[in-house]
Amino acid sequence: MQSSVGESERSEVGGLRYTAQNLGSSLGTAPIGAIVISALAAAFTAAMAKDPAVSETVRQRAGIRIESWLNFVPADQAAAALAKTSIPPEEADAVVSAYRTAQLDGLKVAVLAAAGITLAGFPFTRRLPATGSGYGRVPARTRGTPPGGPGDSTEQHEELP
């Protein structure tokens, strides 16, 4: 981008470029994170609902925790937290297994969503220039021509930073 504007405008273009890049990173990260957490919550709730090893009491307690706050933590950390509760070990194992499955499902949904968002953005990029304007570029030497020899056109142009 900076090579397609004059030298006096480069600092402004650089500032706009970095502002747009940071804004895009922030706006891209937030929705994908929300999608991951939402997909994790939905998949975890569904997995526990269809697992007969998980009691109704544990489903209800987990549902309350999911509605109030759900964090993407490693399955081993979830297993350690469940070990400190009064939930029987077999049931805790079923909950951790459901959580592991839900983690993978949540990540798959987020990757698909990111791909969909990327594909949806392609039509908006069709008017972007495919190449720079050439301003500030130095033509390449003819292959096999020594610097300053015949066919070297670099001596006619000033190099710009």
>> Name the residue from Val54, Leu82, Asp93 that meets the side chain to side chain contact (heavy atoms under 4.5 Å, CB included) definition with Ile87.
In response: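 Only match with Ile87 under side chain to side chain contact (heavy atoms under 4.5 Å, CB included): Leu82.
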> Pick one: which of Arg59, Arg61, Gln60 meets side chain to side chain contact (heavy atoms under 4.5 Å, CB included) with Thr57?
Replying inline: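 Among the candidates, only Arg61 passes.
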Between the main-chain N or O of [Y] and the side-chain N or O of [X], is there a donor-acceptor pair closer than 3.5 Å?
X	Y	value
Tyr99	Val73	yes
Glu91	Ser55	yes
Ser26	Asn22	yes

For [X] and [Y], work out which heavy atoms get closest and say how close.
X	Y	answer
Gly106	Ala39	CA-CB, 3.6 Å
Ala94	Asp51	CB-OD2, 3.5 Å
Pro123	Arg126	O-CG, 3.3 Å

Tell me, do [X] and [Y] make a side-chain contact under 4.5 Å, heavy atoms counted?
X	Y	result
Ile66	Thr45	yes
Asp105	Val109	no
Asp76	Arg100	yes

> For the atom pair CD (Glu56) and CE (Met48), what is the distance rounded to the nearest 0.5 Å?
Replying inline: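 Output value for this atom pair is 9.5 Å.
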> What's the verdict on side-chain contact (heavy atoms from CB on, under 4.5 Å) for Thr101 and Phe44, showing C-alpha distance, side-chain angles and the deciding distance?
Replying inline: CA-CA 8 Å; Thr101 302; Phe44 186 44; over 6 Å; no
> For the hydrophobic clusters of this structure (ILVMFWY residues joined by side-chain heavy atoms under 4.5 Å, transitively), does one cluster hold both Leu107 and Leu112?
Replying inline: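 In one cluster: no.
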>> Let me check something: do Ile35 and Leu104 share a hydrophobic cluster, defined by ILVMFWY side-chain heavy atoms less than 4.5 Å apart, either directly or through other members?
In response: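 In one cluster with Ile35: Leu104, no.
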